[in-house]
Amino acid sequence: MIKLFVPGRLCLFGEHTDWAGHYRTMNADIAPGAAIVTGIEQGIYAEVEKSKNFEVTSEAMQINEHWRDFSCRMDEQALKRVARSGDFFCYCAGVASYMLQWYKVGGVRIKITDMTLPMKSGLSSSAAICVLVARAFNLIYNLNLNTMGEMNIAYVGELRTSSRCGRLDQACAFGVKPNLMTFDGDEVEVRPLNVKKHLYWVFADLCGTKDTIKILSDLNKAYPFASNEQEELLHKALGEQNQRFVDQAVQYMATGQVEALGRLMTETEEVFDRQVAPLCPSELTSPKLKAVLADEHIKSLTYGGKGVGSHGDGSVQFLAKDEACQKQLTDYLIGLGMPAYKLTIQPVHTVRRAIIPVAGFGTRLYPATRSLKKDFFPIPCPDGMVRPVILILLEELIQSGIEEICLVLGSKEERQLYADFFERPLGAEHTGKLNAESREYENRILDIGKRLHYVYQREKRGFGHAVYQAVGFARNEPVLLMLGDTLYRSASNKPCALQLIEAYERFNKLLVGLYPVALDQVSHFGIMSGVWEDQDERVLQVNGLSEKPKASHAEEFLGVRNKKGEKEYCSVFGQYILTPEVFMQLEADIEAADSEGDHVREIELTSALDKVREQSGMIGFRLKGERFDMGNPRALAETVAAFSGFEK
């Protein structure tokens, strides 16, 4: 049994531009479409499992007063007939028919356990159910579809019904976060957006009537070629003007210019009224929408507002001034008889803390580790300096904007070693022998010492247990984890750690750096399996983790297909962005072992990461750089030669 949640979606800017941008296939003078779309907190919850037939049942009575449980044999023509029936579950059958036609899958049983998404309110309830069905088949039958693949199948499946959905409707596949979608002919691209400050949105059902099919029909008459001045104004509104609005909105969201973002909403609505609405006056005169937007009390609580989806008297959205205004506005709209909902788009926490576990003894580097911890092994660097491993790692973190660093030590006795190096000034007898550059470098080392924190792993219970010792340091925020026996070198102008931090700010979920390795090397690393989310093959939607698998297992189950159809093997790079959920899972794993009286069981990080992945998802990100292992004698020798540049 797999539990799923798919949200509805709210188009913040760029309505209608998905289908308008599609007409570029016939008229190259049409500007590409662009829209900012976000998933919302309301959606569809379901439990799915394999079945002989295609079945959809519901415990959520609010889906539809005419709902009845549905079952159909997995027959393509039978499913297509249901898809054309017009009932709510026709959307489900449309997607199922496509899956059967192209993937030859068996059946799926879907039990909808809850439905918090309003119906027919411009929030794409039909698209949400289509995405849910596509995702159910994908996960149940291990089809290895990425999110874009699920979205495309949901779109085609809905088109097999009487619905005429747009390409942006299925943006709900990307979860509850804002995305920029662009529509250039048949090409659709999706990019996550950064948000600097909290955005307190409110949207409400106007409880009016509108005919979406009529609106789309009338507006589509102006495409692909405008035949009069009014149609030219429509092309401009959905083309170059919309592109300007969307570009500004992206900038305002990224820089926290909330008031300007609200004003932009109002400006886009004015353009819609002047240049779009006249082409369908019977549906877009929108008396209820205009009355609510003109309400002076609402204006006092908001920075701006506009229509939703195809517009008309369907739904309205506002950007409230703050959380208190958001609540007041929601209550006020409900008091007017309009179901209202809050949507708070939260800024992504910029990663400012990092953890480096250095508690291990370094058995494979014995006997050198009797007197010298392996993170203090000297490494000649290309600039002529010889640095200990730990200093190289700490400098990369600081160059990446990290402000505080926690070292996980094996005992309190080890603390003095780091204090001597990073906190005690070099004696005058040695400082006097240094050149000016080296004396300045002394100050940098002492400055690093001010950023260090220490925790201790008193029990040797595995890597996950070591990481968990820093739970208090993490403060329920995302943190960067870096291995203490691996060095990294960027192939770009940004350190590897900074590349990972910036990727986290795009995706806002558990993130693991990935690194391709040969098949005969997989048994030395954690290996990720999944599907590429982007054309550049840098973003991997991870669907499984395996710790040091055998080559035969990796070859059969863990290969990731590239654009050439070849299998690649994606190992863990050695840098992670851990979310608070990871620490919660580690705590649960420790408590489970302790409750069984097993106080020596190793607590593995890989296991915790995989459990979080199942619940919240995980992204693997290919960094532009190299890693250098120094965990054994051969690797250490190779690292010294490669990292220093001696091998050249």
Side-chain angles (χ1 to χ4, degrees), residues 9 11-37 83-84 86 91 94 120-124 126-127 155-171 181-188 206 208-246 267-290 306-316:
R9 71 98 184 100
C11 182
L12 307 182
F13 293 89
E15 300 89 345
H16 293 293
T17 66
D18 51 345
W19 59 259
H22 177 74
Y23 279 109
R24 280 176 56 79
T25 58
M26 307 174 208
N27 179 2
D29 291 333
I30 293 173
I36 298 175
V37 190
R84 294 189 292 268
Y91 301 110
K120 297 183 179 180
S121 300
L123 303 172
S124 290
S126 60
Y155 172 70
V156 175
E158 186 167 354
L159 288 182
R160 293 189 169 191
T161 73
S162 59
S163 171
R164 286 298 169 260
C165 58
R167 292 308 300 264
L168 64 76
D169 290 346
Q170 281 73 28
M181 300 185 72
T182 55
F183 312 96
D184 189 348
D186 292 327
E187 298 294 323
V188 180
L206 293 168
T209 59
K210 71 169 184 177
D211 186 340
T212 302
I213 294 177
K214 169 70 172 171
I215 295 170
L216 293 175
S217 175
D218 285 357
L219 298 186
N220 272 266
K221 292 175 183 176
Y223 285 82
F225 299 97
S227 60
N228 56 50
E229 184 177 352
Q230 188 62 60
E231 290 183 351
E232 290 174 356
L233 289 173
L234 174 65
H235 279 230
K236 189 175 182 180
L238 301 184
E240 59 199 64
Q241 286 176 292
N242 175 73
Q243 187 63 64
R244 176 175 64 84
F245 288 143
V246 168
E267 185 181 351
T268 61
E269 186 66 17
E270 291 170 351
V271 169
F272 189 94
D273 285 342
R274 287 196 311 269
Q275 298 177 213
V276 181
L279 286 142
C280 185
S282 65
E283 294 297 327
L284 297 179
T285 303
S286 313
K288 285 197 171 187
L289 174 62
K290 286 183 170 57
K306 60 190 291 293
V308 172
S310 58
H311 274 60
D313 281 338
S315 295
V316 64

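- When all heavy atoms of V316 and L206 are compared, the closest pair comes out as CG1-CD2, 3.8 Å.
- The CD atom of E269 sits 5.0 Å away from the CG atom of L289 when rounded to the nearest 0.5 Å.
- One distance of note links NZ of K221 with CG of L279; it measures 10.0 Å at 0.5 Å rounding.
- Here the CZ atom belonging to F183 is positioned 12.0 Å from the CG atom belonging to L238, to the nearest 0.5 angstrom.
- D313 places no side-chain N or O within 3.5 Å of a backbone atom of K210 that could act as its donor or acceptor partner.
- Under the rule for a side-chain hydrogen bond (donor to acceptor under 3.5 Å, both in side chains), the partners of K214 that lie at least two apart in sequence or sit in another chain are D218.
- Considering only residues two or more places apart in sequence or on other chains, T17 meets the side-chain hydrogen bond (donor to acceptor under 3.5 Å, both in side chains) condition with none of them.
- Shortest non-hydrogen contact noted between E15 and V308 is OE2-CA, 4.4 Å.
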task: Might you work through the side-chain contact (heavy atoms from CB on, under 4.5 Å) test for K236 and Q275, ending with a clear yes or no?
output: CA-CA 8 Å; K236 189 175 182 180; Q275 298 177 213; 4.3 Å; yes

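- E158 contributes no side-chain N or O that, together with a main-chain N or O of G94, makes up a donor-acceptor pair within less than 3.5 Å.
- E283 is linked by a salt bridge (charged side-chain N to carboxylate O under 4.0 Å, His left out) to nothing, counting only residues two or more places apart in sequence or in another chain.
- The one candidate from K306, H311, E267 that meets the side chain to side chain contact (heavy atoms under 4.5 Å, CB included) condition with F272 is H311.
- Between the CG atom in D211 and the SG atom in C280 there is a gap of 8.0 Å [rounded to 0.5 Å].
- For Q230, the CD atom is densely surrounded, since the number of other residues' heavy atoms within 6.0 Å is greater than 12.
- The backbone N or O of P281 lies less than 3.5 Å from a partner atom in the side chain of T285, making a donor-acceptor pair.
- Qualifying side-chain hydrogen bond (donor to acceptor under 3.5 Å, both in side chains) partners for Y23, counting only residues two or more places apart in sequence or in other chains: N220.
- In this structure, M181 and A171 approach most closely via the heavy-atom pair SD-CB, 3.5 Å.
- Atoms OG1 and CG, from T268 and D273 in turn, are 9.5 Å apart once rounded to the nearest 0.5 Å.
- T209 is linked by a side-chain hydrogen bond (donor to acceptor under 3.5 Å, both in side chains) to nothing, counting only residues two or more places apart in sequence or in another chain.
- Of all non-hydrogen atoms in G14 and L168, the two that sit nearest each other are O-CD2, 4.1 Å.
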Show me the donor-acceptor pairs, under 3.5 Å and distance only, between side chains in residues 25-33 and residues at least two apart or in other chains.
residue	atom	partner	partner atom	Å
T25	OG1	H22	O	3.0
N27	OD1	D29	N	3.0
N27	ND2	P224	O	2.8

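- Checked against the 6.0 Å centroid criterion, the rings of H235 and Y223 qualify as a close aromatic pair.
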Exercise. Take V188 and Y155 through the test side-chain contact (heavy atoms from CB on, under 4.5 Å) and record every step on the way to the result.
Key: CA-CA 12 Å; V188 180; Y155 172 70; over 6 Å; no

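- Residues K290 and L284 share a closest heavy-atom pair of NZ-O, 3.9 Å.
- The backbone N or O of A34 lies less than 3.5 Å from a partner atom in the side chain of N242, making a donor-acceptor pair.
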